[in-house]
Amino acid sequence: MKGISVLLVEDEPGICLTLGDRLAAEGYGVTVRNDGVSGEAAARAGGFDILLLDLNLPGRDGLSLCRNLRRDGFAAPILMLTARDGDADIVAGLREGADDYLPKPFDPSVLLARMEALLRRPRSLIWDGRDPVIRFGPFSLDRERGELLREGEPVELNAREYGLLEYLALRPGKVLPRRELLERVWGRGDGDRTRTVDMHVAKLRSRLGEAEKPRHIVTVHGRGYRFET
Ligand code: CA
């Protein structure tokens, strides 16, 4: 796929070499980092469409890297490369915000297919570290200033409402379960407080002026919420 930029964070030279060559041959732009610290720095510098992330890395492990990046709004898909028996890692990685995983050893063709599937997801609002403003309808969410504007006029939001809106807006088109929102926005592990999420969504909708007819924050019956641009 032309014009797609891949960041591969992996410390096994064999994988870096074969995968790097294969990706380049397929027309991807590839950047390789061999440890967690420089991998995180590269991801933060922005401009990548997808991150391929080994979990067992020198310097900083892949799970911490994933958590740090997601906490700070890194929105590109993350595909974890895990050990064969890494069930616990897989669960932890998905909780930290990875989108998919592939156990080693893997066939590069399978990896390419997984990558393409992730890249096909609607991601019209990928945060690439350059433009901090997310636009939807008459609204713009300025992530640098931490404020929401409606046609240039500030909309008053409390910190939780802002956090919820930002989390939703960074993941357009994706169904977000209440439990995930509770964990990621409220930082709570207990999934039995999902009423809290519903109450805040209702509040947020009325702030957006769409309490009656939700346009941007849509309820997906029995599953959660989805943000529409
Ligand atoms: Ca490794």
Side-chain angles (χ1 to χ4, degrees), residues 1-121 123 126-130 167 170-171 174 176-177 179-180 183-185 187 189:
M1 283 161 93
K2 279 229 159 26
I4 301 283
S5 186
V6 180
L7 175 60
L8 171 62
V9 183
E10 167 66 74
D11 63 319
E12 283 171 53
I15 295 183
C16 292
L17 202 66
T18 50
L19 200 53
D21 283 355
R22 178 67 189 272
L23 288 166
E26 298 283 339
Y28 290 95
V30 190
T31 300
V32 181
R33 291 291 180 271
N34 304 117
D35 67 273
V37 176
S38 69
E40 184 172 328
R44 284 181 186 281
F48 295 102
D49 299 290
I50 188 163
L51 169 59
L52 306 180
L53 179 63
D54 180 31
L55 290 190
N56 189 9
L57 287 165
R60 182 172 299 151
D61 68 277
L63 287 177
S64 308
L65 201 156
C66 193
R67 179 187 316 126
N68 294 347
L69 289 174
R70 287 300 192 219
R71 184 193 60 209
D72 294 336
F74 182 83
I78 298 177
L79 176 57
M80 295 183 287
L81 309 175
T82 62
R84 190 202 297 267
D85 307 318
D87 286 355
D89 281 347
I90 291 166
V91 171
L94 294 172
R95 284 213 174 113
E96 297 298 355
D99 296 277
D100 198 2
Y101 64 92
L102 199 56
K104 294 177 185 178
F106 51 81
D107 179 340
S109 303
V110 175
L111 178 107
L112 283 164
R114 292 280 183 90
M115 269 179 55
E116 282 159 16
L118 288 174
L119 290 164
R120 273 198 304 273
R121 286 188 188 172
R123 304 192 78 87
I126 288 178
W127 179 67
D128 62 1
R130 283 179 293 223
Y167 192 85
L170 282 168
R171 293 159 183 82
K174 197 172 166 184
L176 301 167
R179 178 184 287 268
E180 175 181 333
E183 282 177 5
R184 304 301 295 276
V185 180

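Just follow the structure's listing: the first ligand is 1, and inside any ligand the first atom is 1. All values reported here derive from a predicted model rather than from experimental measurement. Both backbone and side-chain heavy atoms feed into the values below; hydrogens, waters and symmetry mates do not.
Counting only distances under 3.0 Å, and ignoring water, the protein N, O or S atoms around the Ca ion (ligand 1) are Asp11 OD1, Asp54 OD2, Asn56 O.
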Return all side-chain donor-acceptor pairs below 3.5 angstrom for residues 88-98, not counting sequence neighbours, or 'none' if the list is empty.
| residue | atom | partner | partner atom | Å |
| --- | --- | --- | --- | --- |
| Glu96 | OE1 | Arg67 | NE | 3.3 |
| Glu96 | OE2 | Arg67 | NE | 3.1 |
| Glu96 | OE2 | Arg67 | NH2 | 3.2 |

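Note that the CG atom of Leu7 and the CG atom of Leu53 stand 8.5 Å from one another [nearest 0.5 Å]. A distance of 12.0 Å separates CZ of Arg33 from CG of Leu65, quoted to the nearest 0.5 Å.
Ion pairing between a basic and an acidic side chain is recognised when a charged N comes within 4.0 Å of a carboxylate O; Lys174 and Asp99 show such pairing.
For residues 55-64, every residue pair satisfying the salt bridge (charged side-chain N to carboxylate O under 4.0 Å, His left out) rule, not counting sequence neighbours, is listed here: Glu40-Arg60. Residue pairs meeting the salt bridge (charged side-chain N to carboxylate O under 4.0 Å, His left out) criterion with at least one member in residues 11-21, sequence neighbours excluded: Glu12-Lys104.
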